[in-house]
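Atoms within a ligand are numbered from 1 in the order they appear, just like the ligands themselves.
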Amino acid sequence: MSEQKKNDRAGWFEGPQADCSALPGDTQSPWRLVLLGAPGVGKGTQADLLHKNLGACHLSTGDVFRAAGSRDACEQTPAMKAAIEYMRRGELVPDTTVWEMVRERSGCIRCGGGFILDGFPRTLAQAEALKGYMESESLSLSAVVNYELPLAEIVARLSGRRTCEKCKSVFHVTGKPPRHEGVCDHCGGRLFQREDDRPESITVRLEAYERSTAPLIRFYTDLGLLVSVVAAGSPDEICDSTLSSLHALTSSGDHRTLV
Ligand code: AMP
């Protein structure tokens, strides 16, 4: 991987008025990816690893809602306040609000560095909106990765997840425990359980996934873009499987290079 300044993704987190700290490298064929998979399959971890290998930015809609939720309430628009309430209950934010938020950040979709979308699209309406927008900009997706894992494993992963309130590092009570219970290994911050990782929210989120997001698998299969990856094993192993599958899908067409 080439040396490059880490992008703070300000354009994604803060909106179009913010400039990202690093411009995309000289990428001739940027990767434009969507990651699908139930909450808890590890899409966020994979998006970070894929970013390191492919250069494209990790864009998570959940991260934007969480960042907005931790801001002062008076800085939030009424639509964002409502969105944060949906998120806290584990329910999906309405399509119009989500699309407004993404549309406002469409510079990230057009960005020459490409993107790795995590948590968006989540419904057919969102997928249609993204497709329509990309077509209007003469852009196309490189692939859609669908991460698969048995339900019981997903519930165990989500309910044991703990996040650092300061640096946002993620631990797991059994899978990746911190050295000292409740304390972040990296910065000493307090570890907490995300509101939407509580048992009552997990059930709601998994039901929302089955109802709203599972139909996207058919949508992207029909477009010839879907790649399925079993999300079991270490994060690096899963990332290697993803990269092999992506190269197998795209090797017959245009050629993209790892950075
Ligand atoms: P995530 O981190 O992707 O699991 O997202 C956390 C929460 O943010 C979800 O449970 C939803 O409440 C909300 N959210 C994030 N992305 C979307 C989306 N594309 N559509 C609807 N709600 C979303």
Side-chain angles (χ1 to χ4, degrees), residues 9 12-13 15 33-48 50-51 57-71 76-77 79-106 108-109 115-134 141 144-147 149 151 154-155 157-165 168-170 172 192-217 219-220 231:
R9 295 168 289 160
W12 182 251
F13 283 108
L33 299 174
V34 166
L35 307 188
L36 294 181
V41 293
K43 293 191 296 296
T45 305
Q46 288 307 311
D48 285 337
L50 290 171
H51 158 68
C57 277
H58 169 194
L59 307 181
S60 152
T61 41
D63 281 349
V64 176
F65 290 130
R66 276 186 290 279
S70 60
R71 263 185 235 132
Q76 296 158 5
T77 62
M80 193 50 100
K81 270 190 196 146
I84 293 162
E85 280 314 305
Y86 281 102
M87 182 187 77
R88 290 192 171 137
R89 289 195 298 269
E91 292 170 24
L92 289 188
V93 174
D95 288 333
T96 43
T97 313
V98 177
W99 178 241
E100 240 170 67
M101 203 261 292
V102 174
R103 185 78 175 79
E104 208 196 355
R105 291 162 173 75
S106 55
C108 297
I109 305 292
F115 57 76
I116 303 165
L117 279 170
D118 158 20
F120 177 88
R122 249 180 165 98
T123 64
L124 273 180
Q126 293 177 16
E128 297 278 12
L130 177 67
K131 183 167 178 284
Y133 176 75
M134 290 186 71
L141 287 174
V144 175
V145 184
N146 178 37
Y147 289 105
L149 202 64
L151 189 67
I154 290 175
V155 173
R157 280 196 192 182
L158 284 175
S159 53
R161 189 157 70 174
R162 298 291 181 272
T163 307
C164 172
E165 66 183 2
K168 311 293 176 219
S169 294
V170 180
H172 191 278
F192 73 106
Q193 185 172 41
R194 270 171 44 176
E195 277 174 281
D196 58 349
D197 282 344
R198 302 220 165 104
E200 56 279 19
S201 300
I202 291 175
T203 316
V204 179
R205 287 168 74 197
L206 290 175
E207 280 169 6
Y209 177 77
E210 270 311 310
R211 203 174 44 249
S212 308
T213 314
L216 294 187
I217 292 165
F219 179 81
Y220 286 121

**Message:** Check Arg162 with Asp197, please: is the shortest side-chain N to carboxylate O separation under 4.0 Å?
**Reply:** no

**Asked** Are Arg211 and Tyr209 in a cation-pi setup, meaning NZ or CZ lies under 6.0 angstrom from the ring centre and within 45 degrees of the ring axis?
**Response** no

**Request:** Would you mind telling me if ligand 1 is within reach of the side chain of Asp196, the backbone, both or neither, using heavy atoms under 4.0 Å?
**Result:** side chain

**Prompt:** Nearest to atom 8 (O) of ligand 1, what protein heavy atom do you find, and at what distance?
**Reply:** Met87 CG, 3.6 Å

**Message:** Consider side-chain contact (heavy atoms from CB on, under 4.5 Å). Of Thr213, Leu92, Val98, Val102, which one does Gln126 pass it with?
**Reply:** Val98

**Request:** Record the part of Glu91 in heavy-atom contact with ligand 1 below 4.0 Å; permitted values are side chain, backbone, both and neither.
**Result:** backbone

**Ion pair Arg88/Glu85, N-O distance below 4.0 Å** = yes

**Asked** What are the atoms of ligand 1, with element, lying closer than 4.0 Å to any heavy atom of Gly119?
**Response** 16 (N), 17 (C), 18 (C), 19 (N)

**Item:** Side-chain touch Val34/Leu130, heavy atoms, less than 4.5 angstrom
**Value:** yes

**Request:** Dump the intermediate steps for side chain to side chain contact (heavy atoms under 4.5 Å, CB included) on Leu35 and Leu117, then the final yes or no.
**Result:** CA-CA 6 Å; Leu35 307 188; Leu117 279 170; over 6 Å; no

**Message:** With a 4.0 Å cut-off on heavy atoms, is Arg194 in contact with ligand 1?
**Reply:** yes

**Request:** Report yes if the side chains of Val155 and Leu206 come closer than 4.5 Å at any heavy-atom pair, otherwise no.
**Result:** yes

**Request:** Give a yes/no verdict on whether any heavy atom in Lys43 is under 4.0 Å from an atom of ligand 1.
**Result:** no

**Prompt:** Looking only at N/O atoms, are Gln126 and ligand 1 under 3.5 Å apart anywhere?
**Reply:** yes

**Message:** Checking the N or O distance criterion of under 3.5 Å, is ligand 1 in contact with Val93?
**Reply:** yes

**Request:** Start with the C-alpha distance between Met101 and Val93, add both sets of side-chain angles, then the distance that settles side chain to side chain contact (heavy atoms under 4.5 Å, CB included), and finish with yes or no.
**Result:** CA-CA 11 Å; Met101 203 261 292; Val93 174; over 6 Å; no

**Asked** Who's the nearest protein heavy-atom neighbour of atom 15 (C) of ligand 1, and how far?
**Response** Arg122 NH1, 3.5 Å

**Item:** For Thr61, the ligand 1 atoms whose distance to one of its heavy atoms is below 4.0 Å
**Value:** 15 (C), 16 (N), 17 (C), 19 (N)

**Asked** Less than 3.5 Å between some nitrogen or oxygen of Ser60 and one of ligand 1, yes or no?
**Response** no

